[in-house]
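Remarks on the structure that follows.
All chains are named by letter (A, B, ...) in the order of the sequence lines, taking the proteins before the strands, and each is independently numbered beginning at 1. Values reported hereafter were calculated over all heavy atoms of this structure, with side chains retained and with hydrogens, waters and symmetry mates removed.
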Number of protein chains: 2
Amino acid sequence: MGGMATAERRAQPARVDATRNRERIIAAAREAFVEHGPTVPLDAIAHRAGVGNATLYRHFADRHELIHVVASYSLARITEQAESALAEETDAFEALRRFVHRAADERVGALCSLLYEGFDKNDPHVIDARVRMEAVVTELMDNAREAGQLRSDVGIGDLMVAITQLTRPIAGTACAHVERFMHRHLQLLLDGMRAPARSELCGTAATFEDFETT
Amino acid sequence: MGGMATAERRAQPARVDATRNRERIIAAAREAFVEHGPTVPLDAIAHRAGVGNATLYRHFADRHELIHVVASYSLARITEQAESALAEETDAFEALRRFVHRAADERVGALCSLLYEGFDKNDPHVIDARVRMEAVVTELMDNAREAGQLRSDVGIGDLMVAITQLTRPIAGTACAHVERFMHRHLQLLLDGMRAPARSELCGTAATFEDFETT
DNA sequence: CAGGAAACGGGGAGAAGATCTCCGTTTCGT
DNA sequence: ACGAAACGGAGATCTTCTCCCCGTTTCCTG
């Protein structure tokens, strides 16, 4: 039932204000998910988008569908950032560094909604997008590792989880502007990931499977 | 009105089960605040503590008072950890490292409740505890910096905010056990903070004043 | 530029969940 | 063993979120 709205919409050319509002809602939802988590009130998203709540419900059947769309968007944009960094940067670690900071700007934290309780983790499109992203980022890391620039004991899970955590708004504060600090913290993390390793890491890197079992 | 319950309690020696339950509630609240933020349902805290909800309301007039107590507890314990690391470790950076990991174990993330909207930031006791902690941690960092082990462009705000962020539960997941990864991430961060600096940091470190203005 | 269809926004009903109290029962201290 | 204090569960009240209704506005087409 959820996917119908989207399908019907493509059938006939939508009005320009409709598509514009749709984009606004998605952008607002991405921000809101990052700031308050996947359970943020839908009315709050509508308000942030500058539209009435009915408009949101007209475009998206329920929270489930909205999360699905936002997650797909974010996955795609993160992947794009990784691909362009991979293609355009000559230095392997610099490519990784660029990706990390761009991913932060793209609000990679919105992907936390992927882990929402009611989210369909088995959707083919999502799986495909996730695998693609995983592949590109892994390539970024492998390149840096083979170039002797990245320590060998860090995995993709370390990177993605740490980015997500460091780019979230500080808990309890409405708008304490993590943007001011997160790039510093990311830079410190990256420096810590440089080879040669300055210490030994305990445990193992996170994998996507670690989050499957809710 | 909030502080009365605590004051009255100290007047006469409380029953052992009462004090025991009080401790349990505080511990449960600390965990719950870290996991779900300062707005977690009070009934959920009571349930987690293994007591009836009425018992919670008997000990703490409202959420405000509970947060106050938990924050004070956490501040004190973090400070203790910093002090013992300072006193017992000979190597300056090792002292800092030890503090960071212990602070993570002590759920420093509970301090996010300090930033809760209705929290009284001007309470003299809280200010005093915060200043004390700030002083000890600053000393830890200064020592490491003077020993040439800590890069000079990181501040206490970088450390505290990053710890808080990295030790929070991953958004959207009920219990994805950050414990498994957070020590890895903290270690990477610490490695990145080691001297000599491997890159240049942008911006400036966070200060407590940055969070005053809500 | 005018007619009609589609989209919009605000308000509010209904449902879900959180807060906090009442009161019969249990546990502690003397 | 007795009285006082604390406990726990159930439920009344209040808040908050969801989602629909319907009068109004905006956009496309001829």
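Following rounding to the nearest Å, A:Arg22 (CZ) and C:dA6 (C1') show an atom-to-atom distance of 16 Å. Atoms CZ (A:Arg48) and C1' (C:dG9) sit 20 Å apart, rounded to a whole Å. Atom NE2 in B:His47 sits roughly 13 Å away from atom P in C:dA18 (whole-Å rounding). When rounded to the nearest whole Å, the span between CG of A:Asn53 and C1' of C:dA13 equals 13 Å. Between the P atom of D:dC19 and the CG atom of A:Leu56 lies a distance of 10 Å, rounded to the nearest Å. Going from atom CZ of B:Arg63 over to atom P of C:dA18 covers 10 Å, rounded to whole Å. One interatomic measurement links the two molecules: CZ of A:Arg58 to C1' of C:dA6, which rounds to 9 Å at whole-angstrom precision. Atom P of nucleotide C:dT19 and atom OH of B:Tyr57 are separated by 5 Å, given to the nearest angstrom.
If you find the closest nucleotide of DNA chain C to B:Leu42 and to B:Arg20, the one lying nearer the 5' end belongs to B:Leu42. The residue among A:Ala54 and B:Asn21 whose nearest nucleotide of DNA chain D lies closer to the 5′ end is B:Asn21.
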- Task: Could you check A:Glu106 against A:Arg102 for salt bridge (charged side-chain N to carboxylate O under 4.0 Å, His left out), going step by step and ending with a plain yes or no?
- Result: CA-CA 6 Å; A:Glu106 289 287 345; A:Arg102 294 284 172 82; over 6 Å; no

- Message: Would B:Thr55 and B:Asn21 count as a side-chain hydrogen bond (donor to acceptor under 3.5 Å, both in side chains) here? Give the steps.
- Response: CA-CA 8 Å; B:Thr55 301; B:Asn21 280 336; 5.3 Å; no

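Listed nucleotides: C:dC8, D:dC27, D:dC19. Nearest to the side chain of A:Val16: D:dC27.
Between B:Glu35 and B:Arg48 there is a salt bridge, since at least one side-chain N of the basic residue sits less than 4.0 Å from a carboxylate O of the acidic one. Salt bridge status for B:Glu83 with B:Arg132: present, with a side-chain N to carboxylate O gap under 4.0 Å.
A donor and an acceptor atom sit less than 3.5 Å apart, one in the side chain of A:Arg15 and one in the base of C:dA6.
The side chain of A:Thr55 contributes no N or O atom lying less than 4.0 Å from OP1 or OP2 of C:dA7. Between C:dC8 and A:His59, a contact under 4.0 Å exists linking OP1 or OP2 to a side-chain N or O.
Side-chain N or O atoms of A:Arg63 include one that pairs as donor or acceptor with a backbone N or O of A:Val40 at under 3.5 Å.
In this structure, A:Asp17 reaches the sugar-phosphate backbone alone: every heavy-atom distance under 4.0 Å involves primed, P, OP1 or OP2 atoms, never a base.
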